[in-house]
*Asks:* 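Let me give you the structure first, and then I'll get to my questions.
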Amino acid sequence: MTATTPFDTAELREVREAARRHAQALSAGLATVLGTIAALAAVSAFAVLDYHFNQAAHRLVKILIGAAAFGGVLAWPRVGLLAIPIVTPFLPWLPMLRIPGLNPQNVLLGSVFLTWALARVLNRQDVFRPGRLGAVIGAVVALAALSVVRGAAVPTGYEYPADRTALVWFRSSVAFSVYFITLAMARGERDRRRLTWAVTPGLLAEAACTILYRRNGRGGRAVGSIGQSNELGAFLALYTVMVAALLPAVRRWFARLILLGMVTAGAYATILSVSRGAIVAMVLGLLYVGFKSSRILTLLFVAVLLTGPLWAPDYLKERMTGTQRAVEGTDEVELENSAQLRVDTWKATMTVIGDHPIDGVGFAGLAYVLPDAGEALGLEVKDSSHNTFLRFLAEMGVFGLGLFCFLLWKCWALARDAGRAARTPFDRQMCVGLSAAVLALAVSCLFGDRFFNIAITGSFWMICALADDILLGQRPAPLSRVPQEARA
């Protein structure tokens with residue numbers, strides 16, 4: 001009996017490649033099956049938790065639409081990633097799940113990432129990538145967790161419900177997951193373009209919703225789908241300046257007209273919110289975009305700003321200039337009620353900071369301390385600091401404020417460095433928009449607590465991850481392993 005002829009090196013390499021391709025096909029099929037099972041389980045759980053049998057037909061239609069969308073996300077996770085900037089501002093409209101810590105935004109983010117990561121793991125591909133903001137974000141989340149423990153161990157006010165604040169901490173931390181998910185999934189110029197353009201329909205949809213419902217909120221102020229006028233204004237300001245930065249990145253005139261229409265709609269919707277902080281943030285962001293992009297844009301934005309008294313509606317003029325009012329029977333003036341209430345809240349917050357400058361009162365614990373502080377000062381105060389900087393200082397001490405300021409600086413430096421490393425006009429303008437958004441976010445945080453709201457900052461963290469992808473693309477690729485056949 002003759003001995004079998006051994007495989008040569010070329011044949012062995014071909015067999016290995018065939019086996020690898022076969023394994024990848026099986027992995028993709030297995031991922032589809034697992035995704036289908038998970039989708040059916042999720043839809044069943046959703047129907048049991050949020051609905052009962054014999055309900056109206058429109059609820060069954062909602063379930064079917066939601067199931068189809070959820071199945072699409074599981075089948076094509078990148079489509080779900082593209083949908084995040086569009087659906088995030090409308091998350092308050094979705095039905096709430098009756099499970100603590102689980103809501104539609106968590107389900108969306110988890111479904112998108114876990115389905116994509118499962119396929120990567122089965123194919124023995126890397127999942128996570130290092131980013132410039134990862135360590136700082138992790139430090140902020142960790143300090144907030146320690147702050148929850150501190151508040152529960154030594155409550156400053158009459159109460160500090162640890163279970164409730166821990167849930168608030170978890171939901172607030174989910175906002176940062178958009179950065180890590182996008183950094184892991186978005187790779188290359190094609191993904192950067194798609195995800196950046198996905199921000200534009202998100203802005204357009206929210207602006208259209210705001211314009212459609214107009215000033216239907218309290219005090220004649222628009223609330224949009226977000227449900228609160230100041231938060232709506234912050235969202236519109238952030239992404240109006242981002243979309244404005246893309247104007248020089250497109251060449252065709254009709255595409256620029258479409259983008260200009262989106263910017264106009266976003267600016268008008270911001271005006272409808274009558275949020276002073278949002279309007280100031282938007283103006284500064286647009287001026288920065290014009291200064292960094294082109295003289296024509298700068299002149300256009302300046303001309304619109306200078307002619308504001310001619311076209312601005314009366315309710316906007318009264319809101320922007322009505323911070324003071326005359327005291328009846330005297331020649332003195334005093335702050336308008338909302339402005340005075342905010343100033344008094346800041347005074348009470350500073351009193352709390354003076355008592356706990358190092359450790360703070362615990363994450364989300366300011367609401368339990370402010371009423372007592374205001375009562376001690378004889379002031380009427382709000383239930384939150386209405387200033388993110390003061391909130392970090394009051395709840396997490398000087399270390400919390402330092403980390404927050406450092407994170408803002410890291411975002412600015414990331415946009416600056418990515419803009420310098422950008423090889424295409426589109427990437428450069430995306431980074432200009434990110435810089436303007438950092439500026440707008442910082443200004444918005446001076447007027448309110450906007451930082452932990454995923455409806456406001458979700459797409460912002462996505463663009464941060466895309467800027468990180470530019471820098472990661474400049475790094476030299478790691479040396480591949482020497483094939484085993486060559487070593488043999």
*Asks:* Determine, for F426 and R193, whether the Lys NZ or Arg CZ falls below 6.0 Å from the six-membered ring centre while staying within 45 degrees of the axis.
*Replies:* yes
*Asks:* Looking at side-chain heavy atoms only, is the closest gap between N230 and R450 below 4.5 Å?
*Replies:*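 With C-beta onward as the side chain, the pair touches.
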*Asks:* Ignoring hydrogens, what is the shortest heavy-atom contact between D359 and H356? Give both atom names and the distance.
*Replies:* OD1-CB, 3.6 Å
*Asks:* Is there a side-chain contact between M242 and F460 (heavy atoms, below 4.5 Å)?
*Replies:* yes
*Asks:* Return yes when atom CZ of F389 has more than 12 non-hydrogen atoms of other residues, nucleotides or ligands closer than 6.0 Å, and no otherwise.
*Replies:* yes
*Asks:* Assess R150 against F363: is NZ or CZ under 6.0 Å from the centre of the six-membered ring, and within 45 degrees of the ring's axis?
*Replies:* no
*Asks:* Show the numbers, then the answer: is there a ring-ring contact (aromatic ring centres under 6.0 Å, His included) between W412 and F406?
*Replies:* CA-CA 10 Å; W412 179 272; F406 185 59; over 10 Å; no
*Asks:* Does any part of the side chain of I454, heavy atoms only, come nearer than 4.5 Å to the side chain of L109, both counted from C-beta?
*Replies:*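 L109 reaches I454 side chain to side chain.
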*Asks:* Please check if any side-chain donor atom of Q429 sits under 3.5 Å from a side-chain acceptor atom of S293, or the reverse.
*Replies:* yes
*Asks:* Run the numbers on S147 and E395 for side-chain hydrogen bond (donor to acceptor under 3.5 Å, both in side chains), then give the verdict.
*Replies:* CA-CA 7 Å; S147 182; E395 294 184 350; over 6 Å; no
*Asks:* Please check if the number of heavy atoms outside F291 that lie under 6.0 Å from its CZ is greater than 12.
*Replies:*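 Incorrect, the count does not exceed 12.
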*Asks:* The criterion is ring pair (Phe, Tyr, Trp, His ring centres under 6.0 Å); which residues satisfy it with F128, sequence neighbours excluded?
*Replies:*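 Checked F128 against ring pair (Phe, Tyr, Trp, His ring centres under 6.0 Å); matches are F113.
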*Asks:* Applying ring-ring contact (aromatic ring centres under 6.0 Å, His included), run through F180 and F176 and close with a yes or a no.
*Replies:* CA-CA 7 Å; F180 296 101; F176 301 116; 8.1 Å; no
*Asks:* Contact between R129 and R187 at the side-chain level, heavy atoms closer than 4.5 Å - yes or no?
*Replies:* yes
